[in-house]
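To start, the structure under review is shown below, and the notes come after it.
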Amino acid sequence: MTPDVSLGEHAVLRVAAWSIESVAVFRAPELAAATDAWIADELAHAEVAAALCDRLHAAVPRLERRARAAALRTKRRLFGGQELPALDGATGAALRAIDPDLTSALDAARRARQAL
């Protein structure tokens, strides 16, 4: 016995024999625009993250052990596109001594990532 097949309330099926033009009437411009905007935001965040990773890379060798570990964790999370935790006070102070505006740039990146 064949199981019953059902579709959700809204579905579009494309039969391989149909040309792509025949299903063009089902396109959703608003969804495409929202997707394009989301992708642009992700790409912009990735560019900022790459620049911040470079700055952290330069700072890490000059940090003491505990701050170095925290900076490396932050760098890994940036590289992986993950949410950034706030830096502890000692790590933030150590980074500011090396790169004065790096912690504010990391804070801005954290807020921007949360907004995505």
Side-chain angles (χ1 to χ4, degrees):
M1 175 175 242
T2 307
D4 290 329
V5 176
S6 65
L7 299 176
E9 184 177 334
H10 304 285
V12 175
L13 298 177
R14 182 176 180 276
V15 176
W18 291 356
S19 67
I20 194 67
E21 291 81 14
S22 65
V23 294
V25 296
F26 297 114
R27 70 178 173 256
E30 296 84 8
L31 179 59
T35 302
D36 288 344
W38 175 70
I39 290 170
D41 287 346
E42 285 289 336
L43 290 173
H45 179 74
E47 286 180 20
V48 169
L52 289 173
C53 282
D54 290 344
R55 291 170 69 181
L56 281 167
H57 179 79
V60 163
R62 298 171 60 191
L63 296 170
E64 57 86 17
R65 186 173 181 229
R66 180 172 280 182
R68 182 182 303 131
L72 286 172
R73 277 192 303 275
T74 300
K75 183 180 169 191
R76 283 187 210 103
R77 294 185 72 83
L78 269 170
F79 185 78
Q82 300 171 328
E83 190 172 325
L84 298 177
L87 294 172
D88 64 76
T91 301
L95 284 173
R96 277 190 297 281
I98 295 168
D99 185 339
D101 63 338
L102 179 55
T103 56
S104 60
L106 288 168
D107 287 340
R110 182 171 18 87
R111 287 189 304 275
R113 186 69 179 162
Q114 289 170 343
L116 289 180

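The first residue in the sequence is number 1, and the count goes up from there.
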Return all side-chain donor-acceptor pairs below 3.5 angstrom for residues 78-87, not counting sequence neighbours, or 'none' if the list is empty.
unit_1 : atom_1 : unit_2 : atom_2 : d
E83    : OE2    : Q114   : NE2    : 3.4

Check: For residues D88 and T91, is any side-chain donor paired with an opposing acceptor at under 3.5 Å?
Finding: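 There is such a pair (donor and acceptor under 3.5 Å, judged by atom type) between the side chains of D88 and T91.
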
Show which side-chain atoms of residues 38-60 pair as donor or acceptor with protein atoms under 3.5 Å away, not counting sequence neighbours.
unit_1 : atom_1 : unit_2 : atom_2 : d
E42    : OE1    : R113   : NH1    : 3.1
E42    : OE2    : R113   : NH1    : 3.3
R55    : NE     : D99    : OD2    : 2.9
R55    : NH2    : D99    : OD1    : 2.9
R55    : NH2    : D99    : OD2    : 3.2
R55    : NH2    : D101   : OD1    : 2.7
H57    : ND1    : K75    : NZ     : 3.2

